[in-house]
**Student:** 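The structure under discussion is supplied below as structure tokens; questions concerning it will follow.
Note on naming: letters A, B, ... go to the chains in the order of the sequence lines (proteins, then strands), and numbering restarts at 1 for each one. Since the model is a prediction, treat every value here as computed from it, not as a measurement.
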Amino acid sequence: MNLTAVRAIYAFEMHRWGRTLLQSIVSPVLSTSLYFIVFGAAIGSRISQIDGVPYGAFIVPGLVMLMLLTESTSNAAFGIYFPRFTGTIYELLSAPISPFEIALGYVGAAATKSVILGLIILATASLFVPLRIAHPVWMIAFLLLTAVTFSLFGFIIGIWADGFEKLQVVPMLILTPLTFLGGTFYSINMLPEPWHTVTLFNPIVYLISGFRWSFYEISDVNVGISLAMTLSFLTLCLVVIWWIFRTGYRIKA
Amino acid sequence: MNAIISIKDVSKTYASGHVALKTVNLDIEEREIFALLGPNGAGKTTLISIICGIVNPTSGNITVDGRDIARDYRTVRAMIGLVPQELSTDMFETVWATVSFSRGLFGKPSNPAYVEKVLRDLSLWDKRDSRIMTLSGGMKRRVLIAKALAHEPRILFLDEPTAGVDVELRKDMWEIVRGLRNSGVTVILTTHYIEEAEEMADRVGVITNGELILVQDKVELMRKLGKKQLVLDLQKPISAIPAALASYALELAPGGGALTFTYDTQADRTGITALLNDMREAGIGFKDLATHQSSLEDIFVDLVRQSQ
């Protein structure tokens, strides 16, 4: 294991993040906080509680999840796409480093950024809404697991993409709608049939539900199923990455 | 001399069906400067990319210092530095950061003193805190060399190191490469500038259409294939080559003012003395003479033409 190399990639990526602080921290924190201000502090008091949780507090886990999914995906995707775009990937490919170590460096950095962002947003949220965390350990576990899983997913997108547009398509056109319709702003139990059943096919429902359970002990689906779904997606991403490096898909001629 | 790189029956056909390399066999000796010479699209970059692990070969084996490049990739790649043809850099990073990153990526512990030495040797020290995007093309090329040297490689690949570089910088680059060789580094460079190979290389390999058509010691190559020409400026123009001189390989310049005699430097007798005697007898005097040796360029053009 070439730990020096993994550390070099990790430090390089974190440094890139530091260089673009405004875009990479301020912007997601601000845009997520606007929801707390509007739905939590401003009109939240006019909306009735959901399962005994004030509305402003109810939406926090879903919003953190939304940010976590989009940021992890686009960060990791950009991280590996950029060297492909500029041509500097030659250096990664010619270095004494295994594909697994390359992925570890990029995915590790992207996941770290998302977790830090998530914690900042939670801290910000607590200023506007009454936040309560029933199971902090599980909360952190879901946070980490989701950040890692979607950073792996982003890494795959970054290798698959052949233009900047494709990098944006997945977070904007797939993840964001699925998160909005996956119970960020409502409990899916409030939906009439057949929409309730249809929603269960949205994988993000399970992520949000499990994450929300770690805060308020309320969930749309069983926590065990949430965990199992997250782990299956993680495994799926790992298998795809293993395949990518085995075949050299889009990286090695 | 030991072969530090040994290429056996390597071929490459890209997914598009393009055959970039037919069967290539080549040994690179330790501490030599080897120039891979060929026109654009001949397969130079493909061959280098295969050795460096960027492109997978379709068939064949390569060993570096006796180790298989695929099985022992960690040991092998740690020994190799690559300067690519394209100026691909992390443009937003500083020179210092990008060179230090390269060292780490190749698994070497941080060593600011060494990085400083590399930057000083390449006249980059003053630019260490500059972002790469602010540097000129020549400076970027130096940054790429610094990155390739950051992990103290024993073998350095330079893919078209002086493409698009001005004359002065090209001379600097040659100095740098010679300095590296003197410090014990084996250098393999590709170029389509023949003067570059002529200036620097110990051995030359000519590649065209994916085939290595010739590998030879440069001096030997030039001696063997080199033809010399003797140009005689005549005192009085003549209208045709006299019958008495018909047996010589002579060419009359347009206007009849000069005779060009082509001879083989390898032959025991060049025929110059006999020619001059016969000319005197035929009453043809000359006022000046010059000899001209064919350059690597002439040899190269001949070779490539023959192979087509």
**Student:** Between A:Ile102 and chain B, which part of the residue has a heavy atom less than 4.5 Å away: side chain, backbone, both or neither?
**Tutor:**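 Looking at A:Ile102, nothing touches chain B.
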
**Student:** So how far is it from A:Asn2 CG to B:Arg74 CZ, rounded to the nearest 0.5 Å?
**Tutor:**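 So the CG of A:Asn2 and the CZ of B:Arg74 are separated by 6.0 Å.
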
**Student:** Evaluate the side chain to side chain contact (heavy atoms under 4.5 Å, CB included) criterion for residues B:Phe106 and A:Glu91: first the C-alpha distance (whole Å), next the side-chain angles of each, then the deciding distance (0.1 Å), finally the verdict.
**Tutor:** CA-CA 9 Å; B:Phe106 278 73; A:Glu91 202 179 17; 4.1 Å; yes

**Student:** Would you say the side-chain atoms of B:Arg77 pair up with the backbone N or O of A:Ser94, donor to acceptor, closer than 3.5 Å?
**Tutor:**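 Not at all, since once roles are kept as given, no pair shorter than 3.5 Å links the two residues.
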
**Student:** Give a yes or no on this: more than 12 heavy atoms of other residues, nucleotides or ligands lie within 6.0 Å of atom CD of B:Glu116.
**Tutor:**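 Atom CD in B:Glu116 is crowded, with more than 12 foreign heavy atoms closer than 6.0 Å.
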
**Student:** Apply the test side chain to side chain contact (heavy atoms under 4.5 Å, CB included) to residues B:Leu105 and A:Ile9: give CA-CA distance (whole Å), side-chain angles for both, the deciding distance (0.1 Å), then the verdict.
**Tutor:** CA-CA 7 Å; B:Leu105 188 64; A:Ile9 295 176; 3.7 Å; yes

**Student:** Are B:Glu93 and A:Arg16 within salt-bridge range, i.e. N to O under 4.0 Å?
**Tutor:**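 Looking at B:Glu93 and A:Arg16, the cut-off is not met.
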
**Student:** To the nearest 0.5 Å, what is the distance between CG on B:Leu144 and OH on A:Tyr90?
**Tutor:**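 The distance works out to 5.0 Å.
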
**Student:** Between A:Phe82 and B:Phe92, what is the ring plane arrangement, given parallel below 30°, perpendicular above 60°, and tilted in between?
**Tutor:**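 Aromatic pair A:Phe82/B:Phe92 classed parallel.
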
**Student:** Is the count of non-hydrogen atoms from other residues, nucleotides or ligands lying under 6.0 Å from B:Tyr114 atom OH greater than 12?
**Tutor:**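 Yes.
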
**Student:** Given heavy-atom pairs under 4.5 angstrom as the criterion, report whether the side chain, backbone, both or neither of A:Arg7 touches chain B.
**Tutor:**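 Contact with chain B involves no heavy atom of A:Arg7 at all.
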
**Student:** How long is the span from the OG1 atom in A:Thr247 to the CG atom in B:Asn56, to the nearest 0.5 Å?
**Tutor:**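 Reported value, rounded in 0.5 Å steps: 10.0 Å.
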
**Student:** For B:Met79, is it the side chain, the backbone, both, or neither that has a heavy atom closer than 4.5 Å to a heavy atom of chain A?
**Tutor:**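 Interface part for B:Met79: neither.
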
**Student:** Quick check on the interface: out of B:Ala15, B:Ser49, B:Ser102, who has the most heavy-atom pairs with chain A under 4.5 Å?
**Tutor:**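 Top option by heavy-atom pairs under 4.5 Å: B:Ser102.
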
**Student:** Answer yes or no: are there more than 12 heavy-atom neighbours, outside A:Met1 itself, under 6.0 Å from its atom CE?
**Tutor:**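 Enclosed.
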
**Student:** Measure across B:Gly104 and A:Ala8 and return the closest heavy-atom pair with its distance rounded to 0.1 Å.
**Tutor:**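 Of all heavy-atom pairs spanning B:Gly104 and A:Ala8, the closest is C-CB, 3.8 Å.
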
**Student:** Decide yes or no on side chain to side chain contact (heavy atoms under 4.5 Å, CB included) for A:Ser98 and B:Tyr73, but give the supporting numbers first.
**Tutor:** CA-CA 9 Å; A:Ser98 71; B:Tyr73 72 96; 3.1 Å; yes

